[in-house]
There are 2 protein chains.
Amino acid sequence: MITIPYPKGHKIKVRNKIVESAAQAFRTNGIQDVSVPFIMKGAGLTHGGFYSHFNNKEQLVAEACRYAISDTIALLQKVADEENHPPPIHTVIDYYLSPYHRDNTEMGCILPALSGEISRSSEEVRQVYTHELERMIAFISNLAEIDASKGSALFSTMVGSLTLARSVNDPELSATLLSSGKQYAKELVKTLT
Amino acid sequence: MITIPYPKGHKIKVRNKIVESAAQAFRTNGIQDVSVPFIMKGAGLTHGGFYSHFNNKEQLVAEACRYAISDTIALLQKVADEENHPPPIHTVIDYYLSPYHRDNTEMGCILPALSGEISRSSEEVRQVYTHELERMIAFISNLAEIDASKGSALFSTMVGSLTLARSVNDPELSATLLSSGKQYAKELVKTLT
DNA sequence: TATAATATATTACGATCATCATATTATAAA
DNA sequence: TTTATAATATGATGATCGTAATATATTATA
């Protein structure tokens with residue numbers, strides 16, 4: 001009676017591809033600068049089918065943010081597990097404030113790229129963003145073995161340094177922002193009460 | 001022979017009003033979300049005359065950034081001069097990471113609001129932005145009596161804390177981001193080498 | 001193979017954008 | 001008061017956006 005015209009799970013897979021495409025595009029070009037047709041093309045589709053997957057662009061923004069931040073936490077966890085010599089939090093700080101992470105925004109943390117725009121987004125999007133940021137701060141605090149208050153200051157330093165390092169034109173200033181951010185972040189972990 | 005139909009300095013005054021209108025609008029709503037007609041309306045004009053003042057929107061963005069950051073440095077200088085009891089840098093940190101500054105973006109520092117978008121702007125805009133950020137870091141370093149490297153870490157912490165505090169939905173987390181940012185920024189000034 | 005149902009593509013709509021061409025207004029000088 | 005011209009307004013253009021309606025393509029089942 002009931003026929004299933006496409007393979008089971010097909011739509012979910014396509015939907016995930018759209019979210020992945022959006023997450024990558026948003027990190028590179030912001031939210032407002034990325035159009036629905038562009039996102040759909042990135043997922044190998046045309047724009048028409050978009051609204052059979054999402055109610056509107058805002059809903060996709062929320063899902064893409066959740067996906068991107070979860071993805072970054074998982075990546076940082078992997079980075080922390082890789083090296084055993086320095087404290088794991090040092091490895092994560094070094095990665096987060098590396099030239100590689102600065103220069104490859106499409107694969108990197110979404111927070112420095114989008115926090116400004118998120119402040120002006122819908123409550124739905126901010127709700128998701130808040131929850132994921134809480135998870136990120138918990139992850140960082142746990143890794144550094146500090147409380148959440150200190151952890152939020154640590155992560156703020158990391159985000160601020162990366163944000164500014166990406167915004168400037170001068171390679172030397174950008175390098176200074178990264179390295180001084182690294183140094184202070186590490187000292188913050190052990191020095192401050 | 002040569003007649004001057006409008007009062008001397010009239011056009012410059014109007015041009016400045018456009019830049020002020022843009023600076024305020026960009027801080028509140030970002031660059032891409034603010035249209036030329038909207039900016040012109042904010043200056044009491046219609047959109048048509050825009051291109052007799054500026055070659056394009058990008059040029060206005062650069063000028064508005066320069067204006068806004070200079071304006072903020074001047075404001076912070078005033079804040080520093082107001083109170084004499086605590087070290088001036090503490091007064092500035094307290095102001096920068098206050099709920100008032102977080103909640104009144106249209107009058108506040110442009111850097112947390114726009115750094116993400118600036119990363120994806122033209123070289124012309126990034127050039128101006130870089131120069132003004134250098135001035136800001138010099139101002140902060142001088143006020144805190146620390147070197148520019150440490151000053152850039154300090155300012156990164158301030159920017160990161162304010163950016164994240166503005167992006168989240170939860171008042172408690174936002175307050176934590178502000179207060180822990182304040183605390184560690186102050187400790188950074190005196191503690192770290 | 002034919003059918004039914006669903007996923008995707010094509011096309012269209014109204015809005016808004018940056019930009020530009022042209023018309024109108026305002027005012028200093030004659 | 002008239003005139004010349006700079007400053008501003010009006011209106012238009014082509015592009016692109018988010019969104020929706022409709023047509024086509026796809027494939028598990030009968």
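Numbered from 1 within each chain, the chains take letters A, B, ... in sequence-line order. Treat the numbers as computed from the prediction; the structure is a model and nothing was measured.
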*asked:* Distance check needed: dT16(C) P versus Lys41(B) NZ, whole Å only.
replied: 10 Å

_OP1 or OP2 of dT26(D) versus the side-chain N and O atoms of His10(A): is any pair under 4.0 Å?_
no

_Nearest to side-chain heavy atoms of Val36(B), which nucleotide of dT19(D), dA18(C), dA7(C)_ = dA18(C)

*Nearest-Å distance, NZ (Lys57(B)) to C1' (dA18(C))?*
8 Å

*Gap between atoms CZ and P, on Phe50(B) and dA21(C) respectively (whole Å)*: 16 Å

*Nearest whole angstrom, please: distance from the C1' of dT27(D) to the NZ of Lys11(A).*
16 Å

*Any ion pair linking Lys186(A) and Asp94(A) (charged N to carboxylate O, less than 4.0 Å)?*
yes

_How many whole angstroms separate atom CG of Asn55(B) from atom C1' of dA18(C)?_
14 Å

*asked:* Can you classify the ring geometry of Tyr96(B) versus Phe155(B) as parallel (below 30°), tilted (30 to 60°) or perpendicular (above 60°)?
replied: perpendicular

*OP1 or OP2 of dT19(C) under 4.0 Å from side-chain N/O of Tyr51(B)*: yes

*Do NZ/NE/NH1/NH2 and the carboxylate oxygens of Lys17(A) and Glu20(A) come within less than 4.0 Å?*
no

*Does OP1 or OP2 of dT16(D) have a side-chain N or O of His47(A) closer than 4.0 Å?*
no

*asked:* Just by distance, no angles: are the side chains of Arg102(A) and Ser174(A) close enough, under 3.5 Å, to form a donor-acceptor pair?
replied: yes

*Can you tell me the distance, in whole Å, between the CD1 atom of Ile18(B) and the C1' atom of dA7(D)?*
11 Å

_Going by purine N1 to pyrimidine N3 plus the second Watson-Crick contact, or the G-U wobble pair, all under 3.5 Å, which nucleotide sits opposite dT29(D)?_
dA2(C)

_Under-4.0 Å salt bridge between Glu63(B) and Arg66(B)_ = no

*5' precedence on DNA chain D between Gln32(A) and Gly49(A) (nearest-nucleotide basis)*: Gln32(A)

*Looking only at side-chain N and O atoms, does Ser35(A) come under 4.0 Å of OP1 or OP2 in dT16(D)?*
no

*Report the distance from atom NE2 of His53(A) to atom P of dA20(D), rounded to the nearest whole Å.*
15 Å

*Contact class for Ser52(B) vs. all strands (heavy atom < 4.0 Å): base, sugar-phosphate, or nothing?*
base

*Check the distance between dC17(D)'s P and Ile39(A)'s CD1 and give it to me in whole angstrom.*
10 Å

